[in-house]
Structure formats: structure tokens, C-alpha cells
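Everything on this sheet refers to the single structure shown next.
Here the structure is a predicted model, which is why all the values come from computation and not from measurement. Position 1 is the first residue of the sequence, and the numbers go up from there.
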Amino acid sequence: MLHASFTKRLGAFELEASLSVADRSVGVLVGESGSGKTTMLRLLAGLMDPDRGRINVDGGTWFDAASGVRLPAAARAVGYVAQDYALFPHLSAAENVVFGLRAQGLPAADIARRGAAALERLGVAALARRRPHELSGGQQQRVAVARAIGLETKLLLLDEPLSALDASSRRVIRGELRRLLAGMDCSTVYVTHSPAEALAFGDHITVLEAGRVSQQGTRDELMRHPRSSYVAEFLGVNFFRGIFIARGADGGAHIALPLGGLALAGEGAEGDTAAVVHPRDITLTLEPPGGSARNVFPGAIAELVPEPPAGELVRVSLLTTPPLIAEVTREAVAALALRPGLSVFASFKAAGVRVVR
């Protein structure tokens, strides 16, 4: 199990974060570029030292600023897969996998056994003699992971391991890697900027924003209660921050926003609040809608983006006040002839507005 809490200043940037990942579990670390994700991995791996804090793995202390404990990187049972895989170009796949084992001075028989087992587990045993330039991107990724797990790690660190792959390879490898990680005995920290990967791999998701942990929780917790616009956008929901008004002009509860406002069902405490609306709860029409929807916003379509894998659903960005994202079927796009620049009405019921805090 991993428990880490530390701070690190690099020039004007300061990282202050905590992270816990259980055994046989994957903790996903997400955040924008420059938020501190790779710095966290380097601190965990021992490639740099925190200014303050502790790192405990599997009951042992790898770093403790207060007591002066510092386990060097070479002595940490950690596997690290970098974004570019960092394979040695002059070594074969097999030689890359056992490089760390040789550096540990293990007996030759143990090195051969563990290297072969790692290659076999990743399905690249037949490629053992090939050098990196003779491997596809997906095959290089498998070799890099095999090298990491061949060390029989207590902590596996994956820094955007699928980012170098094309879209089709990424989908295939994502499924294979998910199954592999589910069978690992160690704790895994998986860094990504992809919502699909975060939701696919993360038993627990930690969100970094500007060097600080803005939110942690399970997939469902983050989906239900995003605490920032970044988290909401990352997960694909509409997020609003405003002032809760218990009784508006129409007698119902409202949230006053900097641009416009939202009608909602239920009661709450007046004051600062945040709310979310799921894109699938938003209906698009070409004329003002009838019915019971209390939230109706006219505006032009800015963009239509089919969702993977087959584009059965389409996300529609709207230039409404406030701006909205709707999710409609491909059939609805065709029936309404939706296109960028077309003026539409976006509507949703008051019950579709969920106050998150």
C-alpha cells in the first residue's frame, strides 16, 4: 500500500499533495499540463526528494524528511514507465527487460527466469530478440511495462503510457493493460490526461490543479459531485457556480449565475453554491419547447463532436447564456439537421439541476 504526503518547490511552482493507493489497486492521477503529475511520480520513484513529508510503501518508509530517512531510487522496489517508454535502442527487447535485474546483481538464472516471465505475461515473448526500432508502438509499450513488472515491484508508476500510441492501438492496448493491472500484486499510480483512461483504470482518482489536490474519490463520487470546473469538464458534465436563492420571482428555488440563472427543484441554504447538469438531461429543439422544463436557453451551436467508439452519441457545444454542453443521439442530429451556427433552444427540467455543495 502507498501512503505519500509531501511538498516540493521548483522555482515559482510548489507541489503540495497527498496520495494513497491500496494493494492490487490503481490510483489515477489527472490534471492539466504543469499541474505537477510527473513531479509526483519522480518524487515517488526517488528521482528527486521532497522538501518535506513522507513516503511509505508496503509498510516500509522510503522517505521521511523529519527523521532523515531517504531510500535511494536504486533501492526502491518501483517500476517506472515513462511517456516515451525510454527503451535502450541498442538493446533487444529481452535485454531491455532484464536491464534493471542485472543492475541489482541477481543470479543469472533468476534474471533469465524473471525476464522471460515478464515478456510472456505481456505477450511479447516472440519478440525478445528485436530491438526497439523493429517494434510497433504497442509492442514497445508492452516491453516497457514488462521491464517495469519484471522487477517485481511494490509500486508501479505509469506516466501516460498510452499517449504515444495511435487511436486504434490505444483502444486495444487499454483493454489489455487494464486486465494486466487488475492482476498485479502491487500498488499502481497511473497518470493520464484522458477522461476515458481515468474512468477505465481508476479505482480511485486524484485531481491535481496547480500543484494542489483539488479532489479525490471514486469514479462515481467525482461524477456525482465535481468540485471545480476542471473536474466537471474532464468528466463531461456542465458545472455552475453561483448564489442559491431559496425563493425567486416565480416562487421556486434558483441559482443566480454571473451570466443568467438556473431554476431547480428542492430546497437548500442560501449563499454560495455549485451545481451540475448532465448533458444527457438537456433537450434540443428548433422552436421554444412546451412542457414542464423550467430552464430554457436559446443559442447557436458552436460545435458537434461524435463520441467514441462509434459516434452513436454526439456532444453539442452551445453558445447559450450560460454556455452548455448537450448530449444527443446521432439520429437526433440528423432529424433536426443540427450544424454549427444553427440557432436552437436547450431545455432541461429543474429536477435535472443537482446541487453539489
Side-chain angles (χ1 to χ4, degrees), residues 2 23-26 38 41-42 44-47 57-58 62 71-192 197 200-201:
L2 164 68
D23 291 336
R24 296 177 173 270
S25 182
V26 179
T38 297
L41 295 190
R42 293 177 62 82
L44 293 171
L47 301 178
V57 177
D58 200 26
W62 286 7
L71 196 66
R76 301 187 185 192
V78 59
Y80 194 140
V81 178
Q83 293 184 33
D84 61 358
Y85 310 143
L87 297 176
F88 297 109
H90 63 291
L91 299 181
S92 68
E95 290 168 335
N96 266 283
V97 169
V98 302
F99 182 86
L101 299 175
R102 293 187 186 281
Q104 293 178 353
L106 297 176
D110 287 347
I111 292 174
R113 173 184 58 80
R114 288 167 59 173
L119 287 166
E120 184 68 33
R121 188 171 185 180
L122 270 294
V124 287
L127 308 176
R129 295 188 176 183
R130 295 190 187 181
R131 293 188 177 181
H133 73 275
E134 299 174 306
L135 303 173
S136 69
Q139 291 166 343
Q140 290 182 34
Q141 192 257 8
R142 290 185 179 95
V143 171
V145 175
R147 179 174 60 185
I149 68 171
L151 297 171
E152 297 184 359
T153 61
K154 295 181 179 178
L155 179 64
L156 179 60
L157 307 175
L158 304 175
D159 192 358
E160 303 209 32
L162 307 184
S163 61
L165 303 178
D166 59 65
S168 59
S169 297
R170 192 178 303 124
R171 286 192 295 271
V172 173
I173 299 299
R174 185 165 61 210
E176 295 177 356
L177 186 57
R178 186 168 60 243
R179 289 189 291 273
L180 171 69
L181 296 181
M184 298 288 290
D185 293 331
C186 63
S187 302
T188 300
V189 179
Y190 189 109
V191 166
T192 183
E197 288 180 30
F201 286 97

Output the distance between atom [atom1] ([X]) and atom [atom2] ([Y]), rounded to the nearest 0.5 Å.
{"X": "His133", "Y": "Gln140", "atom1": "NE2", "atom2": "CD", "value": "10.5 Å"}
{"X": "Asn96", "Y": "His90", "atom1": "CG", "atom2": "NE2", "value": "8.0 Å"}
{"X": "Asp58", "Y": "Thr153", "atom1": "CG", "atom2": "OG1", "value": "10.5 Å"}
{"X": "Arg113", "Y": "Ile111", "atom1": "CZ", "atom2": "CD1", "value": "10.5 Å"}
{"X": "Leu44", "Y": "Leu156", "atom1": "CG", "atom2": "CG", "value": "12.0 Å"}
{"X": "Lys154", "Y": "Asp23", "atom1": "NZ", "atom2": "CG", "value": "10.0 Å"}

Give the minimum heavy-atom separation between [X] and [Y], together with the two atoms involved.
{"X": "Val191", "Y": "Leu41", "result": "CG2-CD1, 3.6 Å"}
{"X": "Val81", "Y": "Ala148", "result": "CG2-CB, 3.8 Å"}
{"X": "Ala118", "Y": "Ala146", "result": "CB-O, 3.4 Å"}
{"X": "Tyr80", "Y": "Ala45", "result": "CD1-CB, 3.7 Å"}
{"X": "Glu160", "Y": "Thr192", "result": "CG-CA, 4.0 Å"}
{"X": "Pro89", "Y": "Pro132", "result": "O-CD, 3.7 Å"}

(message) A side-chain contact here means heavy atoms from C-beta on lying under 4.5 Å apart; do Leu87 and Arg147 qualify?
(response) yes
(message) When you compare the side chain of Asp185 with that of Arg24, does any pair of heavy atoms fall below 4.5 Å?
(response) yes
(request) Output all residues satisfying side chain to side chain contact (heavy atoms under 4.5 Å, CB included) with Val78, sequence neighbours left out; order by chain, then residue number. (result) Trp62, Arg76, Leu155, Leu157
(message) Before you tell me yes or no, could you show the steps for Val143 and Leu127 under side-chain contact (heavy atoms from CB on, under 4.5 Å), namely the whole-Å CA-CA distance, both residues' side-chain angles and the distance that decides it to 0.1 Å?
(response) CA-CA 9 Å; Val143 171; Leu127 308 176; 5.9 Å; no
(request) Start with the C-alpha gap between Thr38 and Arg42, add the side-chain angles, then the distance that decides, and say whether side-chain contact (heavy atoms from CB on, under 4.5 Å) holds. (result) CA-CA 6 Å; Thr38 297; Arg42 293 177 62 82; 4.2 Å; yes
(message) Does Glu134 have more than 12 heavy atoms from other residues, nucleotides or ligands lying within 6.0 Å of its CD?
(response) yes
